[in-house]
Amino acid sequence: MGGPDRKRKINLDGNGDGDLSRKHQDALHARRSSEINPWTGRAYSQRYQSILQTRLQLPVYQFQSQLLEAVASNQTVVVEGETGSGKTTQIPQFLVEVGYAMPGKSCVACTQPRRVAATSIAARVAEEMDVTLGKTVGYTIRFEDVSDPNETVLKFLTDGMLLREAMNDPLLSRYSVIVLDEAHERTLATDVLMGLLMEVLPDRTRGSKYGELKVVVMSATLDAEKFRSYFNGAPLLKVPGRTYPVEVFYTAEPERNYVEAAVRTAIQIHKCEGPGDILVFLTGEQEIEQACEEIRLGAQDMGHDAPELVVYPLYSSLPPAQQKKIFTAAPGPRVVGGPPGRKVVVSTNIAETSLTIDGIVYVIDPGFSKQKVYNPRIRVESLLVSPISRASARQRSGRAGRTRPGKCFRLYTEQSFYNDLQETSYPEILRSKMSNVVLTLKKLGIDDLVHFDFMDPPAPETLMRALEVLNYLGALDDEGDMTDLGRQMAELPLDPQLSKMLICSPEYNCSEEIVSIVAAMSVPQIFLRPRENAKAADEAKAQFVDATSDHITLLNAYATYEGIPTSERKQWCWDNFINDRSISSAESVKKQLKGIMTRLDIPLVTCKGGNGRYDTNAIRMALTSAMYMQVAHLQRQGSYLTVKDNQIVYIHPSSSVDGKPQWVLFEEFALTSKNYIRTVTTTRGEWLVEMAPHYFDLDNFPECEAKDELILEYKKKMRRG
DNA sequence: GAGCACTGC
């Protein structure tokens with residue numbers, strides 16, 4: 001890939017292909033001046049006309065003809081647009097209005113990293129175009145397809161969803177334009193899509209079987225230059241935004257305790273600064289709840305003469321009702337004519353991109369967030385509190401200037417901002433395990449991973465690990481080619497280990513149970529444990545506990561939930577400290593997985609006996625058959641040692657596994673006060689040597705207690721024959 | 001005997 005033949009002509013001055021775009025412009029004017037909406041054949045509504053007036057005020061309108069000309073004469077165009085430019089809602093419309101899409105024939109796609117964005121933008125654009133949502137304009141997200149293959153000309157979808165579609169249609173044949181929005185966020189799916197587009201574009205030129213494919217990459221930051229050079233010098237269009245200036249302050253000295261410093265700053269702002277709400281960025285639930293408490297206490301100390309201060313926590317696991325509270329207006333003055341009250345929102349990164357709160361004038365940024373990191377040596381992802389990037393810091397301060405000029409207090413020195421912080425965060429693809437990505441790429445027909453054009457190529461060791469894991473699981477053969485099993489695994493929206501587990505579960509007669517477990521594992525934490533009700537929550541969980549397995553404990557809770565009548569479920573969840581949002585999305589996942597299982601001819605069988613009890617051995621064997629690469633062995637000192645990479649780990653205190661079994665398999669690593677393994681199931685050496693002799697190959701095994709144990713197991717196996 | 005940033009299929 002690459003090379004001079006892929007360079008595209010840059011043309012922004014109206015020469016050459018500009019004629020094409022002028023034709024487009026004429027078409028556009030004809031449509032606008034008509035009274036009839038060409039998409040519906042009906043007259044435009046009054047509402048359409050009034051919305052149109054506001055749309056015409058958006059900065060992006062100044063760039064309409066430039067953009068259309070650039071798209072007409074180039075296959076790829078990069079747009080750098082700040083918040084408030086209107087690029088997300090207008091640019092896709094410009095493209096369909098000038099005829100890039102034809103009902104039933106071709107479609108313009110616009111990708112978003114998040115579901116809410118895809119659905120809400122689609123609804124907004126349908127309104128702006130005066131058409132029915134789900135017809136001319138639609139959206140597709142997991143579990144929900146509101147689009148019509150015969151009518152939809154503009155479709156908003158999550159980047160992950162487009163990647164799924166590509167797996168069955170690698171040339172993206174139904175699309176004439178793909179707009180990749182929020183590309184600067186560099187989600188795993190966006191990065192894979194960009195690499196795929198690099199492969200596909202040469203096969204989708206004018207005159208090719210499915211016609212020319214255009215790509216518009218939209219980014220909010222200075223990173224645009226990087227996108228431009230990645231796409232072989234595609235033209236770059238800069239669209240200004242509409243935001244207010246934000247004054248930035250730094251501390252003179254580094255802060256030792258950023259939570260305490262953030263609390264102090266919030267109180268200080270309340271005392272000394274003019275009206276306006278405060279947004280504080282912290283890293284997690286614990287910190288946030290603590291800070292909220294301390295800010296409330298600090299405000300109390302100011303006495304009743306000071307204006308009122310209300311404090312709201314914000315993080316994703318907070319119930320939606322509590323999340324919504326952040327949008328309530330700040331309290332008014334305590335006395336008529338007095339200074340107004342103030343609102344403080346203490347939030348995780350969720351307020352950096354996913355959620356926008358109006359009225360924020362002050363931002364407090366300690367400069368940290370929790371980030372996923374991947375360690376290829378021990379093959380696990382974990383969360384670590386890490387310094388943010390300068391791009392993130394700018395994004396955070398920008399949150400203060402959405403409604404009027406604001407102030408941002410960075411709790412680190414200016415020198416630190418320029419010298420210690422990285423310009424941009426590592427994209428997700430450099431912080432994740434690659435086994436699923438590699439399987440996806442193979443399914444997309446990309447065989448040469450080494451030369452695949454990633455914008456930021458993952459470390460070779462990470463790719464090697466992924467290939468190795470997929471080979472152990474039987475998804476790739478020794479030549480690295482996809483097996484039938486691998487093709488089946490790629491169909492499932494799961495991590496390869498879980499896919500393999502599900503596909504093999506009928507052999508252990510428990511696919512019904514495994515599909516529930518897998519669904520419950522793919523959603524956020526189902527068991528709640530609020531600090532103030534910890535004991536009651538533990539008691540509630542105790543009724544589901546299986547002393548050999550957290551996975552079976554999860555199954556017990558999920559299966560009980562399924563048996564509760566729908567109308568009583570919410571109450572039941574509340575009474576039993578179960579996260580109802582989580583468990584009900586587990587139900588959607590299970591439904592989706594069962595649909596795919598039917599399609600793949602994977603039988604649904606249960607290990608539940610006549611007595612209503614599960615054959616828990618069967619379930620644990622099915623778990624072992626796919627999870628044998630994440631196994632730890634008990635040491636004499638009472639800790640565990642992970643097999644092969646010899647990490648000292650401890651079973652997490654929340655585990656229901658009892659009595660320190662000799663062998664355990666585990667789902668995840670949590671590096672907190674100790675190296676904990678979480679979601680644990682007891683397994684047996686006998687099963688390991690039986691199911692995975694290729695992995696537990698003693699010739700390549702470090703000397704340890706586990707090895708001695710395995711030698712005994714192999715001897716027993718020999719005797720059994 | 002302790003604490004899951006955020007998405008997505």
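Among the heavy atoms of the strands lying under 4.0 Å from A:Arg678 are primed sugar atoms or P, OP1, OP2 only; no base atom is included. Within 4.0 Å of A:Ile141, counting heavy atoms only, lie sugar-phosphate atoms of the nucleic acid but no base atom. Heavy atoms of A:Lys674 sit nowhere under 4.0 angstrom from any nucleic acid atom. Heavy atoms of A:Gln371 sit nowhere under 4.0 angstrom from any nucleic acid atom. The residue A:Glu185 sits apart from the nucleic acid: no heavy atom pair falls under 4.0 Å.
Donor-acceptor pairing under 3.5 Å is lacking for the side chains of A:Tyr139 and A:Gln112.
In this structure, A:Lys226 does not pair ionically with A:Glu423, as no charged nitrogen and carboxylate oxygen lie closer than 4.0 Å.
Considering only the side chain of A:Ile350, B:dC6 comes nearest among B:dC6, B:dC9, B:dA2. Side-chain proximity of A:Arg529 to B:dG3, B:dC6, B:dC9: nearest is B:dG3. Residue A:Pro653 has its side chain nearest to B:dG1 when only B:dG1, B:dC9, B:dC6 are considered. Ranking B:dT7, B:dA5, B:dC9 by closeness to the A:Arg114 side chain, first place goes to B:dT7. Checked against B:dT7, B:dG8, B:dA5, the side chain of A:Arg115 finds its nearest nucleotide in B:dG8.
In terms of the side-chain contact (heavy atoms from CB on, under 4.5 Å) criterion, residue partners of A:Asp546 (sequence neighbours excluded) are, by chain and number, A:Thr548, A:Ser549, A:Ile552, A:Thr553, A:Asn556, A:Thr616. Residues meeting the side-chain contact (heavy atoms from CB on, under 4.5 Å) test with A:His652, sequence neighbours left out: A:Ser654, A:Tyr676, A:Arg678.
As rounded to whole Å, 15 Å separates atom P of B:dG8 from atom CG of A:Leu193. Nucleotide B:dG8 holds its C1' atom 13 Å from the CD atom of A:Gln112, rounded to whole Å. Going from atom NZ of A:Lys541 over to atom P of B:dG1 covers 16 Å, rounded to whole Å. Rounded to an integer number of Å, the gap from CG of A:Leu498 to C1' of B:dC9 is 13 Å. With rounding to whole Å, A:His652 atom NE2 is found 8 Å from B:dA2 atom P. Taking atom CG of residue A:Leu314 and atom P of nucleotide B:dC6, one finds them 9 Å apart after rounding to whole Å. Straight-line distance from the CD atom of A:Gln286 to the P atom of B:dG3: 8 Å, rounded to whole Å. Atom pair A:Met521:CE and B:dG8:P shows a separation of 20 Å (rounding to whole Å applied).
In this structure the side chain of A:Met489 never reaches within 4.5 angstrom of the side chain of A:Leu502, judged on heavy atoms.
Between A:Thr187 and the phosphate of B:dT7, there is no side-chain N or O to OP1/OP2 separation shorter than 4.0 Å. In this structure, A:Thr348 reaches the B:dC6 phosphate: one of its side-chain N or O atoms is under 4.0 Å from OP1 or OP2. Within the 4.0 Å cut-off from OP1 or OP2 of B:dC9, not a single side-chain nitrogen or oxygen of A:Thr440 is found.
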